[in-house]
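Here is the structure we will look at.
In each ligand, atom 1 is the first atom listed, and ligand 1 is the first ligand listed. Small disclaimer: the values here were computed from a predicted structure and weren't measured.
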Amino acid sequence: MASSILSDCSSSATARLLPFHRKLHAQDFRFHRSVSIPLRPPSPTSSRSAASRFWSLSAVTPVAMTTDTSAKLIDGKMVAKQIKDEIAGEIAKMKDAIGIVPGLAVILVGARKDSQTYVRNKKKACEAVGIKSYEVHLPEDSTEEEVLKHISGFNDDPSVHGILVQLPLPRHMNEQSILNAVSIEKDVDGFHPLNIGRLAMQGREPLFVPCTPKGCMELLHRYAVDIKGKRAVVVGRSNIVGMPAALLLQKANATISIVHSYTKNPEEITRQADIVIAAVGVANLVRGSWIKPGAVVIDVGINPIDDAESPRGYRLVGDVCYEEVSKIASAITPVPGGVGPMTIAMLLSNTLDSAKRIHNFK
Ligand code: NAP
């Protein structure tokens with residue numbers, strides 16, 4: 001079944017990228033496979049918070065950095081399901097104990113189909129675990145003041161524990177001032193500069209970590225990948241993925257390099273890495289020759305490329321050439337079914353953590 005996710009990277013690297021908004025989430029797409037690493041069931045008796053368990057529970061077969069020729073699959077879909085089950089259990093307990101459920105407010109401006117799909121998926125995911133979702137849908141020509149008014153209302157609403165402004169916003173709006181208006185206590189996306197600043201500082205902790213990089217780290221932890229003292233390379237330095245992923249790896253005591261569009265000889269740098277996180281938005285950029293044998297590879301990219309054989313006319317590939325890299329790495333995430341499902345699971349986790357913190361529920 002592995003062949004269903006293989007691609008000819010030499011041709012798909014040059015394939016026409018579809019005019020699609022790139023911030024697709026892999027959980028929007030069904031994906032099945034037969035090879036996976038079994039998860040141990042979560043401990044039902046643990047009294048620690050969901051968040052702390054997420055960081056410490058190594059629920060899977062450890063991934064040793066070997067030189068085997070066939071990589072293990074890091075199954076984000078399965079891990080995300082396990083996390084969502086854990087979150088649902090925690091929310092049920094919270095409701096029983098204090099009569100409160102977490103609330104997530106989503107503000108959507110405009111009529112982008114992809115944004116509408118994400119918001120719908122987030123709403124469905126909230127309902128599935130018992131988070132109450134609130135949605136404001138504003139027309140494309142709304143003013144920044146209207147968006148700020150809704151943010152302010154949600155900041156003051158005690159039943160809302162997380163606020164998410166769906167990006168991208170229409171061009172006439174100032175994304176920075178809108179994101180800055182979200183209360184740091186409810187910034188479940190983790191994009192507020194104070195949260196990012198705390199993430200970057202020694203001895204400080206952010207209230208929230210951005211969901212996609214948090215999901216990458218969670219996969220590494222759950223697959224028991226050794227990070228301390230290892231060399232890690234993050235390809236991409238965006239505010240929402242690459243930069244916070246590098247900060248998180250550094251916090252976990254890896255030695256970090258960041259590759260970006262001005263980096264000379266990126267493959268020489270990635271070839272030194274025990275762990276590679278690719279978040280670029282370029283289909284199949286990271287080839288087999290970029291990877292050290294036995295490295296662990298996390299592919300964040302979601303790139304739609306033409307595929308006449310697919311009913312939709314396109315298929316999704318990552319930033320990593322799976323076909324080549326899976327023969328060299330010791331473990332790798334697929335696309336779809338890797339990081340994508342983890343992003344939404346981390347959003348739910350952040351919302352639960354926020355509700356617990358606000359209501360002082362241990
Ligand atoms: P972004 O904001 O466009 O950032 C891309 C980064 O990649 C930039 O730092 C850019 O460098 C770097 N880059 C571009 N071309 C490069 C090249 N040829 N060599 C080396 N570096 C290069 O993208 P993003 O928001 O981080 O997203 C990256 C990918 O992840 C996209 O495919 C996106 O769809 C996907 N994504 C997935 C999820 C998920 O849930 N799985 C969530 C978010 C994003 P410069 O800074 O020098 O321009």
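In the vicinity of G281, heavy-atom distances shorter than 4.0 Å reach the ligand 1 atoms 28 (C), 29 (C), 31 (C), 32 (O). Atoms of ligand 1 lying under 4.0 Å from at least one heavy atom of N303, given by number and element, are 32 (O).
At least one heavy atom of A279 sits less than 4.0 Å from an atom of ligand 1. Ligand 1 is never approached by T263 to a heavy-atom distance shorter than 4.0 Å. Put simply, part of G340 is less than 4.0 Å from ligand 1, judged by heavy atoms.
Taking only nitrogen or oxygen atoms, main chain and side chain alike, V241 does not reach within less than 3.5 Å of ligand 1.
Contact check for R287 versus C9: side-chain heavy atoms found under the 4.5 Å cut-off.
Considering V235, V300, V259, L316 only, the shortest heavy-atom separation from atom 30 (O) of ligand 1 involves V300. Of the listed residues (N239, V234, I240, L285), the one carrying the non-hydrogen atom nearest atom 19 (N) of ligand 1 is L285. With S261, P210, S238 as candidates, the residue nearest to atom 24 (P) of ligand 1 on a non-hydrogen basis is S238.
Classification of the H359-H161 ring pair by plane angle, with boundaries at 30° and 60°, yields perpendicular.
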Checklist entry - Hey, mind stepping through E267 and T270 against side-chain hydrogen bond (donor to acceptor under 3.5 Å, both in side chains) and telling me if it holds? => result CA-CA 5 Å; E267 60 270 42; T270 52; over 6 Å; no
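Using a 4.0 Å cut-off between heavy atoms, T343 contacts ligand 1 through its side chain alone, with no backbone atom that close.
Side-chain atoms of S349 do not come within 3.5 Å of backbone N or O of A345 as any donor-acceptor pair.
Looking at every heavy atom in both residues, V317 comes nearest to V335 through C-CG1, 3.7 Å. Shortest non-hydrogen contact noted between L248 and K214 is CD1-N, 4.0 Å.
The 12-atom threshold is not exceeded at NZ of K123, counting heavy atoms of other residues, nucleotides or ligands nearer than 6.0 Å.
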